[in-house]
Amino acid sequence: MSATLLVTGFEPFGGDATNPSGDAARLLHGHVMAGHVVRGAVLPCVFAEAPLRLRALVDAHRPVLLLCLGLAASRRGFHLERVAINLIDARIADNAGAQPVDAPVDPAGPPAAFTTLPVKAMAAALRAEGFDADVSYSAGTYVCNQVFHAAMALPVPRAGFLHVGGDLDAHTIAAGVRVALAAALAHDTDLGGTAGRID
Ligand code: PCA
């Protein structure tokens, strides 16, 4: 049996008709790479449900690697998130009408959690293939950051989050995710060198 790579995206939110992150996860479902098979799934954009759904997927499929995708409509290109914070501060209501403010993701959890994916290597691989990509140090304070923080508490050897910009369609995202996953599988440890920012 092949090892599973779990790739999640999100359903549409904020009144949008589509969410290319979820569409890309669907496109990737069943893709085989380097002896692994991708399981794609779409998470609800609902604070009370998304982490539970993610945990159920991990329990059911026991992935060796988890990459969660989400849309950051105001950004461009691919953003490999390095850190999740234990804070929800919702600017808009979720798809169930909830808008938590100043709430922890996990009252018993750490203030922040770092990805266990080699994000510098993944961003470099994307750039080498002509994609616009970098490492990001804020996944926001909405459902994506919540899911990222929750993902880092799950029993998965390596996990992380990739925000995709509003300029990318689902097919481009799926192509980029294949490149990023291949880089993650090829790098047990991350590249050195800085990806830091001053802004
Ligand atoms: N983007 C939102 C939540 C779902 C999604 O695709 C976010 O960045 O939090």
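As the structure lists them, so they are numbered: ligands from 1, and atoms in each ligand from 1. FYI, side chains are in, hydrogens and waters are out, and symmetry mates aren't considered; it's all heavy atoms of this structure. Numbers here simply count residues along the sequence, with the first being 1.
- Qualifying salt bridge (Lys or Arg N to Asp or Glu O under 4.0 Å) partners for R197, counting only residues two or more places apart in sequence or in other chains: D134, D199.
- Considering both main-chain and side-chain atoms, N145 never comes within under 3.5 Å of ligand 1 through any nitrogen or oxygen pair.
- Checked against salt bridge (Lys or Arg N to Asp or Glu O under 4.0 Å), R39 has no partners two or more places apart in sequence or in another chain.
- The backbone N or O of P110 sits less than 3.5 Å from a side-chain atom of H149, completing a donor-acceptor pair.
- No side-chain heavy atom of V164 sits less than 4.5 Å from a side-chain heavy atom of T172.
- For atom 9 (O) of ligand 1, the closest heavy atom belonging to the protein is C144 N, 2.9 Å.
- The two residues A125 and A183 come nearest to each other via the heavy atoms CB-CB, 3.6 Å.
- At least one N or O atom of H163 sits closer than 3.5 Å to an N or O atom of ligand 1.
- Smallest separation of non-hydrogen atoms from R127 and A133: NH1-O, 2.8 Å.
- Short contacts between ligand 1 and G70, defined as distances under 4.0 Å to a heavy atom of the residue, involve ligand atoms 6 (O).
- Looking only at protein heavy atoms, the nearest one to atom 1 (N) of ligand 1 is L71 O, 2.8 Å.
- The proximity of L69 to ligand 1, defined as any non-hydrogen pair under 4.0 Å, does not occur for either the backbone or the side chain.
- Near F10, meaning under 4.0 Å from one of its heavy atoms, ligand 1 places the atoms 4 (C), 5 (C), 6 (O).
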